[in-house]
Every structure is written in C-alpha cells, then in structure tokens.
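This structure is a prediction, so every number in the text was calculated from the model and none was measured.
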Amino acid sequence: MPNNLLLSCAGRRVELLQIWKRTFLDLGIDAQVVAADAQPFAPAFVLADRQAIIPKVCDPHFVDAMLRTCQNNDVRWVIPTIDTELPILSEARETFLSHGIEIMVSDTETIAIASDKRRTHEWFVANGFPTFRQADIATALADPDWVYPCFAKPACGSRSIGARRIESREALCQRQAESDGNDVVESLGHGVEVTVDAWISPKTGKCTCVVPRQRIEVRDGEVAKAKTIDAPEIIECVRNVAEKLPGVRGTICVQLFYEPSTKEIALMEINPRFGGGYPLTDAAGGYFTRWLIEDSLGLPSTTNEDWMRNLVMLRYDQSCYIKG
C-alpha cells in the first residue's frame with residue numbers, strides 16, 4: 001500500500017510538515033508528505049515533497065478534488081489542519097476509506113459539538129465539566145445580574161476573529177447592533193490561558209497522553225510564545241473530556257483558563273485537530289504523529305506520558321525565497 005501523507009490546507013504549517021517528515025524518517029518508512037492548499041504560494045509548498053493546488057473548502061468540488069489528489073499522489077493518510085474542513089472531511093471519511101485512504105478526523109458528532117461554541121458549552125454543562133457562564137447577547141442584556149466586563153465572540157468563529165472584551169452594557173448594546181445574531185457572550189476567564197493537546201488512540205479510544213501548554217503570547221489568534229506546564233488537575237479533566245467525546249480519533253486540543261492558586265479550571269473550546277502550537281508538544285516528547293502512524297499500521301506502540309515540563313517555545317518569522 002502507498003504510505004504518503006497529505007497535509008490539507010497546509011498554508012503556513014511548515015513546522016507540522018517538518019514533524020511529519022521526521023516521523024517517517026525515524027520510523028524508517030519510505031513516505032512523502034504532500035502539501036495541499038488553494039494558494040499557489042503556500043509556504044508549506046517549499047518544504048513539501050510534493051505540492052497540490054486544490055479548491056477552497058467552500059468550493060462544491062473540494063471533496064472530489066481532494067480524493068483525486070490523494071489517488072494521484074499515492075496518499076494513505078490525510079491530516080486536516082483548519083476548522084472549516086473538518087465537517088466536510090468527516091462526512092467524506094467512509095468514501096475515502098473505501099479507496100484505502102484514511103482521513104484522521106473525528107466523527108461528525110464531535111465535529112458538530114466543537115464547531116459551534118453554543119453546542120460546546122451545552123456539552124460541557126450536560127457532562128458536568130467546569131466552564132464559563134454563556135448567553136446570547138439579548139439574554140445577557142436582559143439579565144440585570146450579568147457581570148461586566150465580559151467577552152463576546154462569534155459562535156462559529158476561529159482564530160479569535162471578531163472576539164473582543166466588552167467593558168459595559170452600553171458596549172454590549174453596540175456589539176448587538178453590529179452583530180449578525182451569531183454571537184455569544186461569556187464571563188471572563190481567570191488565571192492563565194492554557195491550550196491542551198490530547199492524544200487518543202483511534203483503535204482503542206483511550207486517551208494516553210495529555211500535554212498542557214500555557215499561552216504566554218498570542219498573535220493573530222495563534223500562539224507565539226508558550227510553555228508546557230505540569231498541572232495534574234488539567235490533565236485529568238482533559239483526559240475525561242477526550243474519552244467522553246464520541247468518536248474522537250488521533251488528537252484534539254482543548255482551550256481553557258486555569259487559576260494555579262485555586263486549581264480552578266474553566267473549559268472554553270474544543271478543536272478536534274492538530275493545534276497551531278502542537279510543535280511545542282512534539283518538542284516536549286508528545287510524539288502524536290509517530291503514535292498515529294504506529295496505531296494505523298499496527299506497529300508496537302511507544303506511547304508514553306514522559307514529556308518535558310516547563311519547556312518554552314519562542315516563535316519567530318522566517319522568510320523563504322522562490323522564483324515566481
């Protein structure tokens with residue numbers, strides 16, 4: 001069988017692409033990494049073994065083009081990287097499997113829970129997990145006990161686009177006037193913001209590694225500086241979340257606020273994919289890419305939780321030059 005891997009919507013995911021290439025090298029597997037993107041100047045194209053230009057996710061021909069690209073490039077595994085492609089690829093998963101291609105994506109139920117912040121909040125509450133107070137704008141405005149400042153964001157947004165702190169009732173009224181009716185309002189988080197990477201075996205459904213990463217600095221919705229932290233209460237909470245979600249495969253990242261002095265946790269969002277800060281988890285010893293391949297191929301598992309605590313990631317920009 002072919003062993004190539006396709007990184008979908010590869011864009012600027014250069015570090016993740018490099019990790020996949022190293023994973024195959026370490027395992028002694030002869031495989032190439034294909035970068036697929038709608039933009040011909042995607043930075044990931046520079047370091048990929050192969051490049052493929054595909055339609056945008058919103059294009060009705062996206063799935064057909066992806067399948068054709070996989071077949072033309074002997075692809076065995078597809079790794080989604082952005083939220084908007086998850087529901088589409090989750091629904092297409094069985095079709096791809098019939099062609100010997102495995103999309104590493106969770107079941108549609110989990111994708112639906114994660115893709116709408118209202119459903120995420122309802123799921124947290126229904127399953128007894130600690131989370132924020134949430135309401136739509138009209139409900140918050142009608143509540144005389146609603147606490148300001150608070151936080152408003154699109155229910156189906158990503159990368160922090162449209163999210164901002166609301167200082168007063170007047171400011172929330174202004175947000176309502178500007179809103180398309182798809183916003184939610186939440187109480188403010190206390191402590192530090194943490195993104196947690198969790199590895200779940202697609203075969204057993206067991207979560208065998210959880211790595212919390214404290215977000216020190218965020219730029220354009222993606223972490224720029226972060227540190228792995230040792231917080232057993234976070235690890236236990238996120239492990240329970242991962243194993244409770246229906247049909248999770250591979251990796252998820254969970255965002256939360258954590259108050260170290262009181263050990264309080266408030267869960268915020270679920271992203272059922274490799275997070276933008278995953279390279280820190282890999283550098284710390286959370287080798288999710290390796291474990292995914294071992295699990296898929298039936299190789300002896302090297303999964304462990306012996307990752308490095310207090311490892312700091314400092315990101316910077318780097319340019320590459322090609323002849324256009």
Would a hydrophobic clustering, with Ile, Leu, Val, Met, Phe, Trp and Tyr connected at side-chain separations under 4.5 Å, put L25 with L297? no
Residues, nucleotides or ligands: over 12 heavy atoms within 6.0 Å of D180 CG: yes
Report the residue from L6, N3, I103 that forms a side-chain contact (heavy atoms from CB on, under 4.5 Å) with W77. N3
State whether a side-chain donor-acceptor pair under 3.5 Å links Q214 with Y258. no
When you check the side-chain N and O atoms of E170 and Q174, is any donor under 3.5 Å from an acceptor? no
Correct closest heavy-atom pair for A163 and P154 would be N-CD, 4.2 Å
Give a yes or no on whether the backbone of L141 and the side-chain of R169 come within a donor-acceptor separation of less than 3.5 Å. yes
Between M313 and M308, is there a shared hydrophobic cluster once you connect ILVMFWY residues whose side-chain heavy atoms come closer than 4.5 Å? yes
Side-chain contact, heavy-atom cut-off 4.5 Å: F257 with F132? yes
Taking the six-membered ring for Trp, are W291 and F288 parallel (under 30°), tilted (30 to 60°) or perpendicular (over 60°)? tilted
Tell me if a side-chain donor or acceptor on T251 pairs with a main-chain N or O of A198 at a distance below 3.5 Å. yes
Please assess E222 against R12 for the test salt bridge (charged side-chain N to carboxylate O under 4.0 Å, His left out), listing each intermediate value before the final yes or no. CA-CA 12 Å; E222 190 161 294; R12 299 175 62 220; 5.4 Å; no
Between V238 and P212, is there a side-chain heavy-atom distance shorter than 4.5 Å? no
Exercise: identify the closest heavy-atom pair between V184 and R118: CG1-CG, 3.4 Å
As an exercise, state the distance from CE of M66 to CG of L89, rounded to the nearest 0.5 Å. 5.0 Å
Can you see which heavy atom on V46 is nearest to which on C320, and at what distance? CG2-SG, 3.7 Å
Donor + acceptor pair across side chains of Q71, H99 (<3.5 Å): yes
If every non-hydrogen atom of R13 is compared with every non-hydrogen atom of G275, which pair is closest and at what distance? NH1-O, 4.0 Å
Tell me whether Q51 contacts the main-chain N or O of F45 through its side chain, where contact means a donor paired with an acceptor under 3.5 Å. yes
May I ask you to test the R219-D317 pair for a side-chain heavy-atom distance under 4.5 Å? yes
With a 4.5 Å cut-off on side-chain heavy atoms, are L245 and S106 touching? no
If you look at every heavy atom in D107 and P246, which pair is closest and at what distance? CB-O, 3.9 Å
With a 3.5 Å distance limit and no angle check, can you tell me whether T228 reaches the backbone of L311 through a side-chain donor-acceptor pair? yes
Please check if atom NZ in K225 has more than 12 non-hydrogen atoms from other residues, nucleotides or ligands closer than 6.0 Å. no
Under 3.5 Å, is there a donor-acceptor pair between the side chain of K21 and the main chain of L47? yes
Between the side chains of E243 and R239, is the shortest nitrogen-to-carboxylate-oxygen separation below 4.0 Å, so that they form an ion pair? no
Nearest 0.5 Å please: distance from the CD atom of E91 over to the CD1 atom of I111. 10.0 Å
Test V78 against every option in L5, V105, L67, I101 by the side-chain contact (heavy atoms from CB on, under 4.5 Å) rule and name the one that passes. I101
Checking T289 side chain against W20 main chain: does a donor-acceptor pair fall under 3.5 Å? no
Distance (rounded to the nearest 0.5 Å) between Q176 CD and E178 CD: 11.0 Å
Would you confirm whether N240, through its side chain, and E236, through its main-chain N or O, come within 3.5 Å as a donor-acceptor pair? yes
Under 3.5 Å, side chain of D197 to main-chain N/O of C253, donor-acceptor pair present? no
Check ion pair D145-R133 (N to O, under 4.0 angstrom): no
Check: T139/D136 side-chain N/O donor and acceptor closer than 3.5 Å: yes
Do the side chains of E186 and K153 get close enough for a salt bridge, i.e. N-O under 4.0 angstrom? yes
Given the ring of W307, does R309 sit roughly above its face, with NZ or CZ under 6.0 Å from the centre of the six-membered ring and within 45° of the axis? yes
Below 30° counts as parallel, above 60° as perpendicular, anything between as tilted: where do the rings of W123 and F129 land? parallel
State, with a plain yes or no, whether a side-chain heavy atom of M104 is found less than 4.5 Å away from one of F274. no
Is R273 salt-bridged to E85, going by a charged N under 4.0 Å from an acidic O? no
Are more than 12 heavy atoms from other residues, nucleotides or ligands located less than 6.0 Å from atom CG of D306? no
Restricting to non-hydrogen atoms, name the atom on H61 and the atom on P55 that form the minimum distance, rounded to 0.1 Å. O-CG, 4.3 Å
Check for a donor-acceptor pair, side chain of E294 on one end and backbone N or O of T302 on the other, with a separation under 3.5 Å. yes
So do the side chains of S301 and D295 get within less than 4.5 Å of each other, counting heavy atoms only? no
Going by side-chain contact (heavy atoms from CB on, under 4.5 Å), L256 matches just one of T195, I270, T131, V194. Which one? V194
Linking I/L/V/M/F/W/Y whenever their side-chain heavy atoms sit closer than 4.5 Å, directly or via other members, would L280 and I234 fall into one cluster? no
Counting only heavy atoms from other residues, nucleotides and ligands, does the tally under 6.0 Å from CD of E109 exceed 12? no
Would you call Y278 and I19 a side-chain contact if the rule is heavy atoms closer than 4.5 Å? yes
I want to check something: taking the side chain as every heavy atom from C-beta on, are R315 and V223 in contact at a cut-off of under 4.5 Å? yes
Hydrophobic clustering (ILVMFWY, side-chain heavy atoms < 4.5 Å, transitive) - are I166 and V185 grouped together? yes
ILVMFWY cluster, F151 and L267 together (side-chain gap under 4.5 Å): no
For N310 and D230, what are the C-alpha separation, side-chain angles and deciding distance, and is it a side-chain contact (heavy atoms from CB on, under 4.5 Å)? CA-CA 8 Å; N310 300 314; D230 189 12; over 6 Å; no
Output yes when a side-chain donor or acceptor of R290 lies under 3.5 Å from a complementary backbone atom of L27, and no otherwise. no
Would you mind telling me which of R249, K203, R76, R93 makes a salt bridge (charged side-chain N to carboxylate O under 4.0 Å, His left out) with E102? R93
Under the side-chain contact (heavy atoms from CB on, under 4.5 Å) criterion, do T281 and W199 qualify, and how do the steps go? CA-CA 11 Å; T281 289; W199 162 254; over 6 Å; no
